[in-house]
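The next block holds one structure in the form of structure tokens; read it before the comments.
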Amino acid sequence: MRCAPNPNGPWHIGHARMPAVIGTYEERYDGWFCVRFDDTDPETKRPDLEAYDQIIRDIEYLGFEPDEVYRASDRVETYYDHARELIEMDGAYTCSCSGEEFSELKNAGEPCPHRDKDRETTLEEFDAMIAGAYESGEMVLRVKTDIEHKNPALRDWVAFRMIDTPHPREEAGEYRCWPMLDFQSGVDDHLLEITHIIRGIDLQDSAKRQRFVYDYFDWEYPEVVHWGHVQLDEYDVKMSTSRIQELIQGGELAGWDDPRAPTVMSLRRRGIRGEAITEAMIGLGTSTSDVDLAMSSIYANNRDLIDEETDRRFLVRDGTELSLAGDAPTEANPPLHPNHEDRGVREIPAGDSVLLEPDDLPAREERIWLKGLGCFRYTRDALQYTGDDIDVVRDGEVDVIHWVPAAESVPVRLRTMDGDVEGRAEPDVADLESDDMVQFERVGFARIDSVAPRATDDTSGRSPRDRHEDGETVAYYAHP
RNA sequence: GCUCCGUUGGUGUAGUCCGGCCAAUCAUUUCGGCCUUUCGAGCCGAUGACCUGGGUUCAAAUCCCAGACGGAGCACCA
């Protein structure tokens, strides 16, 4: 098996399907799998030097480790050797037709004048291509297929062409004669003993083109599966490397890991495990029609993975302050995790007033249950403690809502797919560390990205009360 | 225009090659119930699909033909 990415940028979520499926099958059938960077176009699909490592990191995050890593740009001499062999077999010819000229002949099913060149001339001209004697567009090497084939896409396709722009990898900077994907990947799949190819529907004709080369060499073509495109719901941004790049450059996205970007990096930053993505991709199967991947399926997988170990906290978004009145408890002690009492409880001082989310604000004279604290009735601009016991909740008379103390809560910026949300969280949230996962009750799961400095770290001498304004804790929203 | 390929509930998927055990699997979504000082969580349950029309057959999601719809390719991109 092989995963053959084009290293021209960081991965979007659709790319994750490749290692997810290939890696899973590799494990399931005790196979072997490599990553092969098919970086044979220094110009229009110009490789991004950082993308090579980034892609490997993404694959590891998704849960897989390639047995081997190759770069096509290291193997150019091999492709030259096979091209020469093909020429010896009279299976290829050099052609100086312009693209347009050839296209007309091809569509008419007619051979171009270069087609029956003798192999010595072709060999000479091909060596001149390798030596860089031609400029871009002047000369190509074509595979001799069937010029009358009923599918015009298969007729005498280009195997090598000239590219003036040097390859960004120094090791490959001198090459000017580059193989096309169909030739390079066809030869490599055989040489690397790939038994099964899984790739996109856009390469369906490639398989047919490559078979001509395989036939010349008398090789056996691997089993091949072509799958359709993946589309994602929930994103406004189109899943395309170039589109995301544009938005980043235009400043509309903060970077590849912006929560609004449909990228592997952004899911990672939100605290979604690679395994959750992998499982969702496996669930899509390899059908050849286009598929819509529901983000909810990734979320559901992730929830299964993290729910038990993730502690609970309160976060109030866009809070409205209401003062407390009556003989209410001064502190709430809800459990860190309702299924794991042994982890202990939280300590949330109630203070004089609390913040509630807009949707949770009670109507006049209505009762609400502040979770962990008790029952209150909204009277005379304050929440009056009623002393009702939990039965009122059981009977369905009173809704349970979450809250934070107005004074002792800490500011949190929650970064979501719909933009940033300002909120305030219970005080203990300041004790979390980056990379911790948390479930903000009734809001959802989030990954702590950075934590505001603590008062003890503060050497400026300000009072503890001010410390909350020093900075805010930043969390990335994962999912409900 | 030419050449390929596909179409199962809201979404994805199994089954299609080798017709019957498929009044169609699993997951997710939605809805309902249960649990929990009472979670947009968890548990349980429910709703919900074979693109259309012909044909073959005792029997069709499955085979054949036609149509509709969708996708991909026809690059000196990958």
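Because the structure is a prediction, the values reported are computed rather than measured.
In this structure, CG of A:N151 is placed 13 Å from P of B:G73, rounded to the nearest angstrom. Nucleotide B:A75 holds its P atom 14 Å from the CH2 atom of A:W157, rounded to whole Å. Computed from coordinates, the A:D233 CG to B:G12 P distance equals 10 Å when rounded to whole Å. Taking atom CG of residue A:L154 and atom P of nucleotide B:A75, one finds them 11 Å apart after rounding to whole Å. The distance between atom CG of A:N301 and atom P of B:G12, rounded to the nearest whole Å, is 16 Å. If you take CZ of A:R209 and P of B:C77, they are 12 Å apart, rounded to a whole angstrom.
OP1 and OP2 of B:G73 both lie 4.0 Å or more from every side-chain N or O belonging to A:K208. At B:A78, one or more side-chain N or O atoms of A:T40 fall inside 4.0 Å of OP1 or OP2 (strictly under the cut-off). Remark: A:R161 is in phosphate contact with B:C77, judged by side-chain N or O atoms under 4.0 Å from OP1 or OP2. Put simply, A:T288 has no side-chain N or O that comes within less than 4.0 Å of OP1 or OP2 on B:A72.
Residues A:H114 and A:Y93 keep their aromatic ring centres 6.0 Å or farther apart.
Put simply, the side chain of A:H15 does not reach to within 4.5 Å of the side chain of A:P5, judged on heavy atoms.
Under the 6.0 Å distance and 45° angle rule, A:R17 counts as a cation-pi partner of A:W227.
If you check B:G67 for Watson-Crick or wobble pairing at under 3.5 angstrom, you find it paired to B:C51.
A gap of 15 Å separates the C1' atoms of B:A46 and B:U28, to the nearest Å.
Partner A:F160 forms a ring pair (Phe, Tyr, Trp, His ring centres under 6.0 Å) with one of A:Y134, A:Y175, A:F183, A:Y79 and no other, that one being A:F183.
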